[in-house]
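Report on one structure; see the data block that follows.
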Number of protein chains: 2
Amino acid sequence: MEAAIKTEEFLPLREPTFFILLSISNQKKHGYAILQDTESLSGGKIKLSNGTLYGALTRLLDQGLIERVPSDEPAASGKPRKAYQLTRTGASVLQAEIERLENLVRTARRHLPELTG
Amino acid sequence: MEAAIKTEEFLPLREPTFFILLSISNQKKHGYAILQDTESLSGGKIKLSNGTLYGALTRLLDQGLIERVPSDEPAASGKPRKAYQLTRTGASVLQAEIERLENLVRTARRHLPELTG
DNA sequence: TGTAATATGTCGATAACCGACATATTTAAT
DNA sequence: ATTAAATATGTCGGTTATCGACATATTACA
């Protein structure tokens, strides 16, 4: 059988990392676009700091959850932007994280039936 | 109006802290019972380390999210166990965290409609 | 011309977590 | 009776992701 990727090793994701992966899950983006997208996705609640963003990108590249790809955008002045997209592993991890979150909510609701929110 | 508690200041909770609060949300427990309950609640997936547990209990007491209460259990040999229960603030924080998790899942499913899992 | 937005990055501090170690009591087995 | 396992609480040092502050260059616009 295939060498199964142990997605659990990467879980749980912290909130900023979760949004970074989610942000690029439907299309590749460069750093600054991830910043804006995360703020938009979270309804303005979450504003990633630069330290978090670029630190996480470096880490995620290293872990093989994301990869660098050439940007579509006008390369303009010989300075190509850095676009990132999910790898298959990254997509698996994101999906596993969503399932983990759903389990968490289910467990909590089971344990606290009075909170039907 | 009442001095509203800013539950958001305590969020997001990390996984161990979430389970600690959830564990004592329906009845007071002492440390070791929280350890066992968390393992049970998580289907055996999560085993809190002692460092995490007692560190978190100290922190949560300090933050006013939990409080010490006398234990029902047989005090036995003059050594009273330390039982903990949620404060109102703690209950609010737990509820807010559950809602945050639900929002996260909703946002992710909206952004990734293909993952209907 | 200048200023805001875009875009990428570094650095030091903080906070929560983890595993390892320590220790005492209680229960159950041999 | 002795031992071993489970119960119960705690400390310590190390690791890691995050954060805000700082730095810098380019592009768009007023």
Side-chain angles (χ1 to χ4, degrees), chain A residues 8-21 23-24 28-40 42 45-63 65-66 68-84 93 97, chain B residues 8-21 23-24 28-40 42 45-63 65-66 68-84 93 97:
Chain A
E8 299 80 15
E9 287 178 11
F10 299 102
L11 307 187
L13 302 181
R14 306 226 356 215
E15 194 174 63
T17 300
F18 177 76
F19 273 103
I20 290 168
L21 295 188
S23 171
I24 62 174
K28 63 185 172 187
K29 288 191 178 69
H30 57 270
Y32 192 76
I34 294 172
L35 237 45
Q36 295 171 314
D37 201 39
T38 292
E39 186 172 353
S40 154
S42 68
K45 281 177 197 163
I46 296 166
K47 306 191 185 192
L48 299 184
S49 81
N50 286 355
T52 300
L53 175 68
Y54 292 103
L57 289 176
T58 300
R59 191 181 75 245
L60 293 167
L61 280 171
D62 196 60
Q63 292 174 328
L65 304 192
I66 64 176
R68 284 203 48 186
V69 287
S71 178
D72 294 334
E73 312 255 329
S77 57
K79 298 235 174 187
R81 289 191 191 142
K82 300 181 176 180
Y84 303 91
V93 169
E97 174 67 0
Chain B
E8 298 81 15
E9 285 177 11
F10 298 101
L11 308 187
L13 302 181
R14 302 213 19 203
E15 193 174 63
T17 299
F18 177 77
F19 273 103
I20 290 168
L21 295 188
S23 171
I24 62 173
K28 62 185 173 186
K29 287 192 181 66
H30 57 271
Y32 192 75
I34 295 171
L35 237 46
Q36 295 171 314
D37 201 41
T38 292
E39 187 173 353
S40 154
S42 68
K45 280 176 196 161
I46 297 165
K47 306 192 186 193
L48 299 183
S49 81
N50 286 355
T52 300
L53 174 68
Y54 292 103
L57 288 176
T58 300
R59 190 181 77 246
L60 293 167
L61 279 171
D62 197 58
Q63 292 173 329
L65 304 193
I66 64 176
R68 284 203 50 188
V69 287
S71 179
D72 293 334
E73 312 256 329
S77 58
K79 299 236 174 183
R81 289 191 191 141
K82 300 181 177 180
Y84 303 91
V93 168
E97 174 66 1

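Keep in mind that the numbers below use all heavy atoms, side chains included, and drop hydrogens, waters and symmetry copies. Note on naming: letters A, B, ... go to the chains in the order of the sequence lines (proteins, then strands), and numbering restarts at 1 for each one.
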**Asked** Roughly how many Å is it from OH in A/Tyr32 to C1' in D/dT27, rounded to a whole number?
**Response** 12 Å
**Request:** Starting at atom NE2 of A/His30, determine the distance to atom P of C/dA7, rounded to an integer number of angstrom.
**Result:** 4 Å
With the criterion being N/O to N/O and under 3.5 Å, what pairs connect the protein with nucleotides 18-21 of chain D, and how long is each?
from: D/dT18; atom 1: OP1; to: A/Thr17; atom 2: N; distance (Å): 3.3
from: D/dT18; atom 1: OP1; to: A/Thr17; atom 2: OG1; distance (Å): 2.8
from: D/dT18; atom 1: OP2; to: A/Thr17; atom 2: OG1; distance (Å): 3.1
from: D/dT18; atom 1: OP2; to: A/Arg59; atom 2: NH1; distance (Å): 3.2
from: D/dT18; atom 1: OP2; to: A/Arg59; atom 2: NH2; distance (Å): 3.4
from: D/dC19; atom 1: OP2; to: A/Thr52; atom 2: OG1; distance (Å): 2.7

**Item:** Any residue meeting side chain to side chain contact (heavy atoms under 4.5 Å, CB included) with A/Ile46, in chain and number order, not counting sequence neighbours
**Value:** A/Glu15, A/Phe19, A/Thr38, A/Ser42, A/Leu48
**Request:** In whole angstrom, give the distance that lies between atom CG of B/Leu57 and atom P of C/dC17.
**Result:** 11 Å
**Prompt:** Just by distance, do the side chain of B/Thr58 and the backbone of B/Tyr54 share a donor-acceptor pair under 3.5 Å?
**Reply:** yes
**Message:** I'd like to know if the side chain of B/Lys47 reaches the main chain of B/Leu35, judged simply by a donor and an acceptor atom lying under 3.5 Å from each other, with no hydrogens or angles considered.
**Reply:** no
**Message:** In whole Å, I'd like the distance from the CD atom of B/Glu39 to the P atom of D/dA6.
**Reply:** 12 Å
**Asked** What is the distance from CD of B/Gln36 to C1' of D/dA5, rounded to the nearest Å?
**Response** 13 Å
**Asked** For A/Phe10 and D/dT16, what is the distance between atoms CZ and P respectively, to the nearest whole Å?
**Response** 13 Å
**Asked** How close or far is atom P of D/dT11 from atom CG of B/Leu53, stated in whole angstroms?
**Response** 12 Å
**Request:** Tell me, please, which residues at least two apart from B/Lys45 pass salt bridge (charged side-chain N to carboxylate O under 4.0 Å, His left out).
**Result:** none
**Message:** Is it the case that the side chain of B/Lys29 and the backbone of B/Ser23 share a donor-acceptor pair, with hydrogens and angles ignored and the cut-off at 3.5 Å?
**Reply:** yes
